[in-house]
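Before any comments, here is the structure.
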Amino acid sequence: MTSIESANDFGGAARRGRWYWNLPFAAVAVFALAMLATVWGLQKRETDAALDTLARDMQWAEQTMRMHLAADQEFLAQLARDLAGGSLTADEFQVLANQFLANNPHLSAVVWVDAEDTVRWSAPFEGTERVAGERLGGAQAAAAQIARSSGHAVYTPPFGDLRGRLVVEVYVPVARATQSLGVMGGVYAADGFLQHLVPAWFAEKYRLAVLGPNGEPVAAATATAALDEALSRSVEMEPLGKLRLVATVYRTESLLVRVGPIMVIVALSALVVASLAVLRLHLARRLRAERERDALFNLSLDLLCIQRMDGSFVRVNPAFKRLLGYSQGDMAGRALLELVHEEDVSATVDHLRRLVSGLPVVFENRCRCADGSYKWVQWNVNPVPHEKLVYAVGHDVTLRRAREEALNAETAFRRAMEESVVTGLRMIAMDGTIRYVNRAFTRMTGFSEEELVGRRPPYPYWPTDLRGELQGVLDRALSGRIPPEGWEVRIQRKNGERFDVRQFVSPFIDGAGRHIGWMSAMHDITEPKRARAELEQAHARFVTVLDGLDAAVFVADVDSSEILYANRAFKQIYGYDAVGCNADELTRDCHPGAEAVRHALAALEPGSALPAELLEVEICHARSGRWYNLRERALRWVDGRVVRMQVASDVTDRKLAAEEADRQQQRLQQTARLITMGEMASSLAHELNQPLAAITNYAMGCVARLESGNWRNDDLLGAMRKAGFQAERAGKIVRRMRDFVRWREPCRLPASLPRIIEEAVGFAEIEARKTGARIHVELPESLPEVYADPIMIEQVVLNLVKNGVEAMHDTPASRRDLRVGAHVSDGMVAVDVADYGHGIDKHELERLFAPFFTTKPEGMGMGLNICRSIIEFHEGRLWAEPNPAGGSIFRFTLPFASTREEVE
């Protein structure tokens, strides 16, 4: 049987006999439980005895209280009988009641309450529980009523008196024959029971308390010692309502006395268990040591052998078979030198000779395997001279030697790499001494490696005036307070030139995992720092300019709509935490809509030049009500991605001013129409007088025919038709006047230009006939509809025609012709009003449409200005030019109705 099989059999036997080891622990556990049960039983019996004593004492206390209450009730009944018999006076009541109260201090007061629930007598006289003349109320009156009607004593429920105490009152009826004289009452205070009904020995033994109907404490004796809450009993204080008397036993022994035996038992049991555990551990260690010693030789992965002093093997372990391929039989009697490589024989002989002096030796050599290959073995040989034997341990270091060779090659490679980098590397010891610098560091500082290695602070590349600052940096590095971003420091070259470097420091850990110093990497940042400073100045100027704008500006990612930048005005509107939020969600109260933004972005072609305009709209803020002009552009951000920038300008004031100007313009147009009608009032009156006079004549003629009886139906019918025609003519004039001067909001819609001109000329002809002028309307048949407000355009045409008629006042009557025409030009309808008047001077032509400029003595100078405003409102243009035949031509344009509908 091998050693491994023996060890396994031993382990199996140990597992099978493990219950023998656990038997002493089980016995100790059973003993400890038995002792604890005994102590618990003794303490339980003491507790039960104390509870029995407490129950008997509480019964005695209850009987005592019942006796006192019965005596009080009998005393009150005697007073009631005396009062009913007429033998009790007020003075006698005071004497008897005060004597009884003095002998029974648990009773606070005695009162006589008449049949009207009014206190007649009260004792003690100076007491405040009840005062003569006081009326009962609430539960007291109800209890007194029950006592009078039942003829028995009645107790009130507990209630609080004026002094905040909980009291109970008892009422005994007073009756003379069938006449009720009221009740005789006694007043009990809850705290009086604890002070006067319980003897001193009872209060010394128990802590007493009175509980109210809801279990709340209403009176309690002061605890003189620690309480044992487990030993507590309560009884109802019949017949005192729902009061309960609670007694709690004072603890007569300390907690240590009760717990002490248990603690001693547990401690002794733990001590026995610990002793058994230590003994078991000691035996287990001895057995384990024997097993390990027996299995070490056979199970060791290293070569273990015993040799004679001449170097021959006595015994080898199985590792020789595994590592070298030799069995125990192959190695018996062979010498170590037979296995050694010929190049290592000489060194091995020298080491073996040292064994004669009794000193252990350690050496490495190459040993030949059974297959002819060689392996590196590290031998640890220890001689035992008195046994004339040598014990040796051989460890296979073939892999380690290969790794060392690879490590040496890698070290050489890393050294070459360190020397070729442009980053300066420096290693300092824990005390600050320089241990290593690479070639880049020496080039950077100008000092050679010999001038730096071994130097302690201050280092030669430190500027003299900055040594204190650099020493502080070094102290922080040596103490481990290293910022992850490193330090920026200024050092100098050997020639005195100073430059900035960024220094990164990290712990230097050796192969054993020990922290033996600090490794520093230095980068020359002089040029990057200058470029960064210029960039920061440019950025500061950029931010200052944007923050100084009144417009709100933000930049958001095109894909995610995440806000990348926002200026101060934007943050004041949407919050100072706007950066990082979703732009569409944050600006939803003032946003053209995500669909509009996506449509504008989709319109950008993949190769479109940036920046590019996306959209420009005016939107009212949903919450503040202010108007903003939003302009969005697509541009390329600093990191190369495409973003959108929005500039929101507050145009509320401009919008309000424009709206107010529109309202003023509308009022001015209304006023101008009223003025026009006023100026034409006499002409309109004359024009209306003709149809009205004709109607009167036709009507009178018909009446005369009817009165004479000489009439024919055809004659009357013809006259009435002519009267109807004249009435229609007058109504048409009135309707035109009413529509012309009526106030309404501007409303642009497709309209017929010939009809508009007809209505305007209809008015103007009335005035023209007064001056002998003739108006000629020359319109093409296929004139398209215009997109306009008919009344506003009618006002423009009327004003231009009226001005033309007035301009021909001095023109010969044969040439007083005014022509109104229209034609299509450049997608617009152009209207011409030409007269043959005095014309307009070229200097006056420049100011013709200015407010308050006029060429008429009685004019206000607002007519043409209003006309231009109306035409511009209709997206057209109004201008004047000389008439080649004499006079002036005024032209204005209007958009097609069809074109406007297509745009919308």
Side-chain angles (χ1 to χ4, degrees), residues 2-4 6-7 289-416 435 510-514 516:
T2 63
S3 300
I4 296 177
S6 300
E290 292 177 359
R291 291 197 305 270
E292 292 174 354
R293 183 188 62 190
D294 195 24
L296 178 61
F297 192 83
N298 295 314
L299 300 179
S300 176
L301 298 178
D302 290 334
L303 303 175
L304 301 180
C305 62
I306 303 174
Q307 299 174 333
R308 299 182 181 89
M309 296 299 292
D310 59 1
S312 59
F313 290 99
V314 176
R315 183 183 177 188
V316 297
N317 69 340
F320 273 80
K321 180 67 175 177
R322 181 177 58 83
L323 294 178
L324 301 180
Y326 301 110
S327 63
Q328 171 75 21
D330 296 335
M331 298 301 298
R334 296 185 64 177
L336 175 61
L337 294 178
E338 295 180 12
L339 305 178
V340 177
H341 192 279
E342 59 182 9
E343 296 179 359
D344 300 331
V345 171
S346 177
T348 302
V349 171
D350 293 338
H351 288 296
L352 293 178
R353 286 174 179 171
R354 295 174 55 190
L355 296 175
V356 179
S357 60
L359 298 176
V361 294
V362 178
F363 59 92
E364 294 180 2
N365 58 21
R366 284 168 289 181
C367 294
R368 185 177 64 254
C369 301
D371 59 3
S373 61
Y374 286 89
K375 290 186 177 181
W376 281 93
V377 179
Q378 181 186 58
W379 294 99
N380 293 271
V381 184
N382 194 0
V384 183
H386 65 276
E387 294 181 359
K388 296 183 179 180
L389 294 175
V390 173
Y391 294 87
V393 178
H395 182 66
D396 184 3
V397 294
T398 305
L399 182 60
R400 190 201 72 188
R401 293 297 293 255
R403 289 176 178 175
E404 287 179 354
E405 293 176 359
L407 181 61
N408 292 333
E410 183 179 358
T411 302
F413 172 75
R414 290 182 177 274
R415 181 70 178 181
R435 298 300 186 191
D510 65 1
R514 297 174 301 175
I516 62 172

Only residue of Trp379, Trp376, Tyr374 satisfying side-chain hydrogen bond (donor to acceptor under 3.5 Å, both in side chains) with Asn365 is Trp379
Is there a donor-acceptor pair under 3.5 Å between the side chain of [X] and the backbone N or O of [Y]?
X	Y	result
Asp350	Ala347	no
Arg368	Glu338	yes
Thr348	Asp344	yes

- Which residues share a side-chain contact (heavy atoms from CB on, under 4.5 Å) with Glu343, sequence neighbours left out: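 side-chain contact (heavy atoms from CB on, under 4.5 Å) check on Glu343 returns His341, Arg366.
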- request: Could you give me the CA-CA distance, side-chain angles and deciding distance for Leu352 and Leu337, then say whether side-chain contact (heavy atoms from CB on, under 4.5 Å) is met?
  value: CA-CA 10 Å; Leu352 293 178; Leu337 294 178; 4.2 Å; yes
Quiz item: When rounded to the nearest 0.5 angstrom, what is the spacing between CG in Leu339 and CE in Met331?
Solution: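 Separation between the atoms: 4.5 Å.
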Q. To the nearest 0.5 Å, what is the distance between CD (Glu364) and NE2 (His351)?
A.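 So the CD of Glu364 and the NE2 of His351 are separated by 9.5 Å.
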Please name the pair of heavy atoms, one in [X] and one in [Y], separated by the smallest distance, quoted to 0.1 Å.
X	Y	result
Pro360	Arg354	O-NH2, 4.5 Å
Val316	Ser327	CG2-O, 4.4 Å
Gly325	Ala370	O-CB, 3.6 Å

Give every donor-acceptor pair under 3.5 Å between a side-chain atom in residues 299-309 and any protein atom, sequence neighbours left out.
residue: Ser300; atom: OG; partner: Asp302; partner atom: N; Å: 3.2
residue: Asp302; atom: OD1; partner: His395; partner atom: ND1; Å: 2.7
residue: Arg308; atom: NH1; partner: Ser312; partner atom: OG; Å: 3.2

Check: residues 383-392 side-chain donor-acceptor pairs under 3.5 Å, at least two apart:
residue: Glu387; atom: OE1; partner: Tyr391; partner atom: OH; Å: 3.1

*With the threshold set at 4.0 Å, does a side-chain nitrogen-carboxylate oxygen contact exist between Arg400 and Glu404?*
yes
Looking at Phe297, I'd like to know if the NZ or CZ of Arg315 sits under 6.0 Å from its six-membered ring centre while staying within 45 degrees of the ring's axis. yes
